[in-house]
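Let me begin by presenting the structure, written as structure tokens, before commenting on it.
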Amino acid sequence: MKISRLLVSFAALAAGVMVSCSPDLKPVSGGSDLFFDSLASSWDEAVPLGNAELGELVWQKGDNIRLSLDHSDLWDLRPTEEFADTARFNYRWLQKCVAEGDDKSLWDMFDEAYSNRPAPSKIPCAALEFPAAGLGRVRSVRLYLHDALCRVEWESGVSLETFVNASSPVGWFVFKGLDDAGFRPSLDAPEYSVSSGAKDQNGLDNHEVSTLGYEQGTIVEEDNSINYHQKGWGDFSYDVAVRWKRSGKTLAGVWSVGTSNGKADACGETEKALARGLKKDFASHMEYWNEFWKASSITVPDMVLQKQYDNEMYKLGSASRSDSRPISLQAVWTADDGLLPPWKGDYHNDLNTQLSYWPVYTGNHLPEGEAFLNYLWDNREAFREYARDFFGVEGILVPGVCTLDGHAMGGWPQYSFSPTTAAWVAQHFYLQWKYSADSAFLQDRAYPFTSEVAKALEQLSFIDASGHRVLPLSTSPEIFDNSLQAWFHSMTNYDLSLMRFLFDASAEMAAALGLDAESAHWEECLSQMQYFDIQDGALTFAHGFPYNVSHRHFSHAMSIFPLGLLDWNDGEEARGIIKSTIALLDGNGPDWWTGYSYSWLANIKARAMDGEGAAEALRTFAECFCLPNTFHVNGDQTRSGKSRYTYRPFTLEGNFAFASGLQEMLMQSHTGTIKLFPAVPSEWKDVSFENLRARGAFLVSAKMESGAVTGVSVFSEKGGKLSLQIPGRPEPVVKDMSAGETYRIL
């Protein structure tokens, strides 16, 4: 909504406060920086900035430079009315509808609210706009990855530098070379009270923002400030504050967003930031980013993959922190197009959240991964209520489509109410433990959460006539979409894989804690699970349902990756199953794949030691399924036959799964032996990495030159037995290491 701004003269600056708070920030250039010769003209191609709480998109809308603002807490959390009907909102009623073929009742209960009502949903924030007409032609736009800073330069000599402070809840903007004394920001608020006429271009039927039914917020403008207050649903509200100073041809300002849940005082934060000054804020900003980039790095000879990887890790640092909300579908870059975001910007736990956190482990970014674990841990009571009220069991189960506060949102019930979703998210507790070797985390969080999931699935399942533990209904995301056929009456490989992993992991965790009786119990549950269904040597969806169609979600292959239950190192039988399963993926083709399918395929092929195949899948993802700003948009943007999906709803999971795929090519440690360069293409002769993390809390650096490994360094955080497989050596290097010890080879 365009807000007519007040035409006021600038007041004199307060004595002692200098606007020479706009020094040259001197960002560091890098080969993977994003560089353009014009500003993007759509929000989803904008330059992204963020600190996991606040987000900013830099682009141009019409005659205005636009900074689209966001906050991770901006949610409409109104409850779903249908779910208050306890007579129908339960697993027994769902089973009855499936048995009777009553798909209409299922739709009315589970899909109606999600599809036809706007909330619950992530909601947009507002945007800052600056007049661009008098600035002339853009010369360059650059995102400096190392500094998380965007610089725009115009041929007139005007420049803009903007960043979201990594250490405090503010964003900065600095214009230099301005001749227009009246140049100032305005604030554009979402159209909450009237229809904007915005239309969804992706066929997703996204709702207009106005359907939320809010009374339009208030904007107060003064000489050097703008304050916007917006009331949302219930007691929720948020504020946007903007403050700036003008000195000669320089305008320097800050913005912040605060919410009624106590996340930042927007007005106070902007005042404090201006008092600190740009130089001090940029220094604290760089303290985070310098440490972030030191955590790990890789160097590969494929410049497409190198650039994409560096941008994915940049997005990880911008979207997740140990104390932040976890990564949702669009994280802190909610759609700025007059509509609610694709799929409501929610937490999709049937794939999206899990893939988003794949690269934190080998990538040595465990603190960034804590955001997801904290979210799951903090919402345990909501998950217990869900297990008890919907499924009728004790323990923890997690909705497949979830709100900020852990409640079910609905959608296709085969997947949004799949009980094994909880096993998949529990894997992240297991991985955090394995990669950190943190015994306190195992005792205090990892095992308690995982064992509660195991407890719930043990109660929900039963022993059938053949002596196997099975679920009453089984599904496999998202085969057969939202149809009655999607309910299987035999166990799918998806559910089998997750339950086998869950009981095995619970047994391992209990044993590590000395809980022998509990470990034996979970081992018994594992022994009751049947083996994977195999047909013609390959994994199926379920018995009688071979993988014979193109399908985006490789749910049937969970046992290969990410669970690692079928591994290349397990012998010829396992290798045969893996090869046959991949052959069917390739053979049935990518007609109905999305971008994340290629990222996932790269991880699977890396586990099969197919470096060429993994690299090809990653290159297809980067070149065909990403916009110029590297955002993954699901469909094939080249229309070159990589998928029949050609639309462009932006979601992040494909981006982060890409990063994981490249890491898997360079190092694997899931078998207990650290394998260096296990799946690099034969033409990659010069490859290296620094500080990739292996299970057991080993930090590994390695270099390959002219096809030979020329240097390896291993640092042990916690101590333990190192087993290291170096290419060209027949046997692993084995060494007992002490905590804090570094071991160098070659």
Side-chain angles (χ1 to χ4, degrees), residues 17-19 21-28 30 47-58 67 69-74 125 128 143-151 160-174 238-245 252-259 261-296 313-327 331-333 360 363-372 374-375:
V17 180
M18 302 295 293
V19 180
C21 64
S22 54
D24 185 355
L25 299 180
K26 298 181 180 179
V28 177
V47 173
L49 304 165
N51 66 6
E53 180 179 326
L54 301 179
E56 177 181 315
L57 294 168
V58 185
L67 309 183
L69 313 182
D70 197 9
H71 191 294
S72 60
D73 278 356
L74 295 184
C125 180
L128 292 180
L143 171 61
Y144 293 85
L145 294 184
H146 178 268
D147 300 77
L149 177 142
C150 176
R151 173 181 282 169
L160 162 66
E161 291 180 329
T162 179
F163 66 96
V164 177
N165 194 336
S167 63
S168 60
V170 297
W172 278 88
F173 54 88
V174 181
Y238 69 91
D239 295 273
V240 180
V242 192
R243 300 284 184 276
W244 63 90
K245 302 172 184 178
V254 290
W255 61 269
S256 184
V257 181
T259 68
N261 66 8
K263 285 283 188 178
D265 166 17
C267 184
E269 292 293 346
T270 56
E271 291 174 349
K272 288 188 291 185
L274 280 184
R276 290 191 302 266
L278 175 64
K279 184 176 181 179
K280 187 173 183 178
D281 260 27
F282 189 68
S284 66
H285 170 73
M286 288 311 304
E287 287 178 10
Y288 169 81
W289 281 104
N290 286 332
E291 290 302 310
F292 179 86
W293 291 118
K294 283 195 298 186
S296 70
M313 300 310 288
Y314 162 78
K315 288 195 283 291
L316 178 66
S318 302
S320 193
R321 307 283 171 83
S322 61
D323 59 351
S324 74
R325 301 294 192 180
I327 298 167
V332 289
W333 301 300
V360 303
N364 193 27
H365 284 288
L366 298 186
E368 284 74 18
E370 289 173 3
F372 189 37
N374 291 339
Y375 168 78

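Residue numbers count from 1 along this sequence.
- The shortest non-hydrogen separation linking Cys150 to Val58 is SG-CG1, 4.1 Å.
- Scanning for side-chain contact (heavy atoms from CB on, under 4.5 Å) contacts around Lys272 gives Glu269, Arg276, with sequence neighbours left out.
- Smallest separation of non-hydrogen atoms from Ser296 and Gly363: OG-O, 2.7 Å.
- Taking CG from Leu128 and OG1 from Thr162, the interatomic distance works out to 9.0 Å, rounded to the nearest 0.5 Å.
- Judged as a side-chain contact (heavy atoms from CB on, under 4.5 Å), and not counting sequence neighbours, the contacts of Asp265 are Cys267.
- Applying the side-chain contact (heavy atoms from CB on, under 4.5 Å) criterion to Ala319, with sequence neighbours excluded, gives Ile327, Ala331, Trp333.
- Between Trp289 and Tyr314, the gap from one ring centroid to the other is short of 6.0 Å.
- For residues 282-291, every residue pair satisfying the salt bridge (charged side-chain N to carboxylate O under 4.0 Å, His left out) rule, not counting sequence neighbours, is listed here: Glu291-Lys294.
- Taking 4.0 Å as the cut-off between side-chain N and carboxylate O, Arg151 and Asp24 count as a salt-bridged pair.
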Any chance you could lay out the ring-ring contact (aromatic ring centres under 6.0 Å, His included) test for Tyr238 and His71, step after step, and finish with the verdict? CA-CA 9 Å; Tyr238 69 91; His71 191 294; 8.8 Å; no
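- Arg321 contributes atom CZ, which lies 14.5 Å from atom CG of Asn374 (distance to the nearest 0.5 angstrom).
- Here the closest non-hydrogen pair linking Leu274 and Ala252 is CD2-O, 4.4 Å.
- Summarising the geometry of Ser284 relative to Ser167, their closest heavy-atom pair is OG-OG, 2.7 Å, with the distance given to 0.1 Å.
- Looking only at distances, no side-chain donor or acceptor of Ser72 sits under 3.5 Å from a matching main-chain atom of Val332.
- Side-chain contact between Val360 and Phe372: absent, with no pair of heavy atoms (C-beta onward) separated by less than 4.5 Å.
- Considering NZ of Lys315 and OG of Ser320, their distance stands at 14.0 Å, rounded to 0.5 Å.
- Checked against side-chain contact (heavy atoms from CB on, under 4.5 Å), Val164 has the following partners two or more places apart in sequence or in another chain: Leu49, Asn51, Leu54, Glu56, Trp255.
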Trp172/Leu278 under side chain to side chain contact (heavy atoms under 4.5 Å, CB included): CA gap, chis, key distance, verdict: CA-CA 8 Å; Trp172 278 88; Leu278 175 64; 3.7 Å; yes
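- By the side-chain hydrogen bond (donor to acceptor under 3.5 Å, both in side chains) test, Glu368 pairs with Tyr288, His365, sequence neighbours left out.
- Remark: side-chain polar atoms of Ser256 are not paired, donor with acceptor, to backbone N or O of Ala241 under 3.5 angstrom.
- Considering all non-hydrogen atoms of both residues, Asp281 and Ala273 come closest at OD2-CB, 3.8 Å.
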If you apply the rule side chain to side chain contact (heavy atoms under 4.5 Å, CB included), what do you find for His146 with Asn290, and how did you get there? CA-CA 8 Å; His146 178 268; Asn290 286 332; 3.2 Å; yes
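- Between His285 and Asp147, the closest heavy-atom pair is NE2-O, 2.7 Å.
- To the nearest 0.5 Å, the span separating CG on Leu145 from OG on Ser318 amounts to 9.0 Å.
- In this structure, the separation between CH2 on Trp244 and CZ on Phe173 is 7.0 Å, given to the nearest 0.5 Å.
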